[in-house]
Protein chains: 2
Amino acid sequence: MAFSYAPPKQDRREAGQAMGQATYREIKDEVRDKVRGGVWRPGHELPTEHEIAAQYGCARATVNRALRELAEEGLLERKRKSGTRVRASPLRQARFDIPLVRGEIEALGEPYRYRLLERAETQAPGWLCARMGLAAPVQVLHLRCLHHAGDTPYQVEDRWINLVTLPRARDVDFTKLGPNEWLIGAIPFTDVDISFSATAADARLAQELSCAVGDPLFQGERSTWLEAAPVTYVRMVFRRGHRMTTRY
Amino acid sequence: MAFSYAPPKQDRREAGQAMGQATYREIKDEVRDKVRGGVWRPGHELPTEHEIAAQYGCARATVNRALRELAEEGLLERKRKSGTRVRASPLRQARFDIPLVRGEIEALGEPYRYRLLERAETQAPGWLCARMGLAAPVQVLHLRCLHHAGDTPYQVEDRWINLVTLPRARDVDFTKLGPNEWLIGAIPFTDVDISFSATAADARLAQELSCAVGDPLFQGERSTWLEAAPVTYVRMVFRRGHRMTTRY
DNA sequence: GCCATCTATTTGCCTAGACATAAGATCGGC
DNA sequence: GCCGATCTTATGTCTAGGCAAATAGATGGC
C-alpha cells in the first residue's frame, strides 16, 4: 500500500468515540493534506471506504462522512462501484458570505449609519419587469438608501418592492430601519438570484458615494421570489475600491 | 403539537431504508419548505431531533443529517441543549462556481480561443510582493493572455508565477496551453485568496477587450500558496458587461 | 439577592450491521 | 468478435443504540 495513516487502533476507546477529537475530521484533514500537499495528484484513486476504515480502526460510516464532505467541497469525485478519486480540477467553487450591510460595516469597526434618500410609489419600469419575470407592470415601492461606515458613504441600496405580493410595505417607516432588515423578518422567499458586476458612477451615484463621475464601482444585484411571485429586487452599489473577498 | 409531517410509520419497510427515496432528503425538503414558505419564521424553534425522528418513524441519525446539512447551508442555527431554530437572517452565503475560462466559454456555446500576448521574466514588483506576503522581491514569470469567446475577447489573464517555488514554469510553452490549465496539473496548493472588484479600462485593456478607455470592468484576483510559499497570482479582467451569477 | 454548582437535555459523533443502487467486469451464446 | 445477461463491488443510506460535550435552568450556600 502506498500510504499509511496515523492513529493505530490501540490508542482509542473500545466503544463510543471520545479521544477528544472527532474522527471524521481527522480523516478529512489527512486526506485534504494529502491532496493539497501533492501526495495524491488530481485523478488519483483513493482506497475504498472499507480499507480506510480498517486503517483508522473506525466504522465505515465515519470514513463515509469524511469523504462525502470532501466531495461536497469539490475536492474529491465519487462514483458507485468505481470508487473515489481526486478531482481533476479542484477549486470548483468559492463561498462568499453575504452579510447584511450593517454587519459588514460593524465588522470593520466603524459605526453604522443609515439614511433614506428617496421613497416613491410607481409602476414597475420595463427593465424591472423583465428582470423579475413580470408579464404586466405592477405597483412597486421604490426606495433609495445610503449606508454609511462612520462618516463615509459605503453602499447605495436601490430597492424595489412588489406591492402586490407585499402591500404592507406601504405602511412601514423606512427612515429608521433599512428595507433589507425589515424584509428579512417580513417575508420569506423560495428563490434567489444574485449577481455581481461592475458599473460606472453616474452623476447621482458620484454625489452619493463621494466619487467622480465615471468611476468604476462594484455592484451586486439580488432578486427574490416567493413561489414564482416576485418579491423584491435590489441593486447594491459599493463605494469605490470595494472588494468582495474570500480565503481558504 | 403545532405541525405534522407526512409519512407515517406504516408505509416504510421494516429494515433498511428503501422506498425509492432518501429519507434524510425528505426531511430536509420538508423543513426547508416550512421555513421558506413562512410556516416557521426566523427565530422559530423546531422540535428536537428525537421528536422529529419519532414523527417520521426514522432513526435520530437520519434527522440529524438533515438538520445538520440545513444548518451548514445557513438556514438553521443549532446549539447543544438549546436546540435548533430558524436562522434570524437566512441567506448567509452564496456559492459561486469558479470554472476554468475554457469551460465558461464553452458553456456559452462559443468556441474557445486562447492567445499569449506577452511573456517576460522579471523581479516581482512591489505591489506583488505585498500581495503575496513576500519579504524580498523574487524572480517571477509574467504572462499576459487573452481568452476569446468566438471572435470577441472575453477575458484578459494577467498571470505572475513565482519561479522560486516553480522553476520549471520557465520551460513551458504557453502559446498553446493557458497557464491556468497548466498550473492545475503542475502544482497543488494549500491556501487560496480570491477577490472580486471593479476596475477601469486603461489604454491597453481597452484595446485588448475592445472597449473604451475608462469603461468599468469586472475583475477577479486569485493568489495561491503552498504552505506559506507563494505560488502564483492572477488578475482576470472580464469583458465589459460581464456578470457573475448564482441562483438558488 | 447573588453567585457557584449541579442536573437534565440537546446536539455531536461514533459503532456495527444491513439493504439499496449504480456501474464496471465477466461470461455465454451466437 | 460482438452483445446482452449476470456477478461483483464501492458507494449511498438507514437502524438502533451509546457515550461525549455544551449549556440552560434549577438548586443551594452565603
Side-chain angles (χ1 to χ4, degrees), chain A residues 1 5 7 9-31 43-73 75-87, chain B residues 5 7-31 43-73 75-87:
Chain A
M1 197 110 293
Y5 287 113
K9 180 130 187 171
Q10 47 166 179
D11 181 9
R12 20 191 51 243
R13 310 282 186 291
E14 278 315 294
Q17 66 3 312
M19 94 169 283
Q21 279 237 343
T23 307
Y24 86 93
R25 199 162 279 287
E26 289 174 28
I27 299 178
K28 247 181 110 167
D29 287 347
E30 272 187 60
V31 171
H44 178 94
E45 182 165 349
L46 278 71
T48 68
E49 294 186 352
H50 270 295
E51 290 171 331
I52 298 179
Q55 294 190 40
Y56 276 91
C58 68
R60 186 171 76 90
T62 305
V63 178
N64 182 278
R65 176 163 178 192
L67 299 187
R68 182 175 13 101
E69 290 189 3
L70 286 173
E72 171 68 19
E73 285 173 26
L75 198 74
L76 305 177
E77 235 167 356
R78 323 193 70 199
K79 232 167 48 185
R80 272 168 171 153
K81 166 72 185 175
S82 35
T84 304
R85 47 185 63 237
V86 179
R87 255 199 125 74
Chain B
Y5 286 113
K9 180 135 187 167
Q10 46 165 177
D11 182 7
R12 18 192 51 244
R13 310 282 186 293
E14 278 316 295
Q17 69 357 314
M19 96 169 280
Q21 280 236 345
T23 306
Y24 86 93
R25 199 162 278 289
E26 289 173 29
I27 299 177
K28 249 182 107 167
D29 288 346
E30 271 187 62
V31 171
H44 176 96
E45 180 165 350
L46 16 169
T48 67
E49 295 186 352
H50 272 294
E51 290 171 331
I52 298 179
Q55 294 189 41
Y56 275 91
C58 68
R60 185 173 76 91
T62 305
V63 178
N64 182 277
R65 176 163 177 190
L67 298 187
R68 185 180 3 108
E69 290 189 3
L70 286 172
E72 171 67 21
E73 285 172 27
L75 197 74
L76 306 177
E77 235 166 357
R78 324 193 68 199
K79 230 166 54 185
R80 273 164 169 155
K81 166 74 185 177
S82 36
T84 304
R85 47 186 63 236
V86 180
R87 255 201 127 73

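Keep in mind that what you see is a predicted model, and the values were worked out from it rather than measured. First the proteins, then the strands, lettered A, B, ... as listed; each starts at 1.
The phosphate of C/dT11 (OP1 or OP2) has a side-chain N or O of B/Thr84 nearer than 4.0 angstrom.
Within residues 60-68 of chain B, the residues that have a heavy atom under 4.0 Å from DNA chain C are, in order of number, B/Arg60, B/Asn64.
In this entry the distance linking CD1 of A/Ile27 with C1' of C/dC13 reads 12 Å, nearest Å. Summarising the geometry, the separation between CD on B/Glu72 and P on C/dC13 is reported as 11 Å, rounded to the nearest angstrom. Following rounding to the nearest Å, A/Glu77 (CD) and C/dA23 (P) show an atom-to-atom distance of 13 Å. For the pair B/Arg85 CZ and D/dT23 P, the computed distance is 14 Å after rounding to whole Å. In this entry the distance linking CD of A/Glu45 with P of D/dT11 reads 8 Å, nearest Å. B/Leu46 places its CG atom 13 Å from the P atom of C/dT10, with the value rounded to the nearest Å. Atom NE2 of B/His50 is separated from atom P of D/dG17 by 11 Å (rounded to the nearest Å). Atom-to-atom, CD of A/Glu49 to C1' of C/dA16 comes out at 15 Å; the value is rounded to the nearest Å.
Nearest-nucleotide positions on DNA chain C for A/Ala59 and A/Ser82 put A/Ala59 closer to the 5' end.
Of the candidate nucleotides C/dG24, C/dT15, C/dT11, C/dG24 has the atom lying nearest to any side-chain atom of A/Lys79. Residue B/Arg80 places its side chain closer to C/dG12 than to any other of C/dG24, C/dG12, C/dC14. When distances run from any side-chain atom of A/Lys81 to the nucleotides C/dC13, D/dT8, D/dT15, the shortest one goes to D/dT8.
For B/Glu45, the side chain to side chain contact (heavy atoms under 4.5 Å, CB included) partners are B/Arg85, not counting sequence neighbours.
A pairwise comparison of heavy atoms in B/Leu76 and B/Arg87 identifies O-NH1, 3.6 Å as the closest pair. Here the closest non-hydrogen pair linking B/Ile52 and B/Ile27 is CG2-CG2, 4.5 Å. Considering every non-hydrogen atom in both B/Lys28 and B/Ala66, the closest pair reads CG-O, 3.6 Å.
Residues B/Arg68 and B/Glu72 are not paired through a salt bridge, judged by the lack of any N-O separation under 4.0 Å between the basic side chain and the carboxylate.
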Test log, rule side-chain contact (heavy atoms from CB on, under 4.5 Å), inputs B/Leu75 and B/Val86: CA-CA 6 Å; B/Leu75 197 74; B/Val86 180; 5.6 Å; no
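Looking at heavy atoms from C-beta onward, B/Asn64 lies in side-chain contact with B/Arg78 at the 4.5 angstrom threshold.
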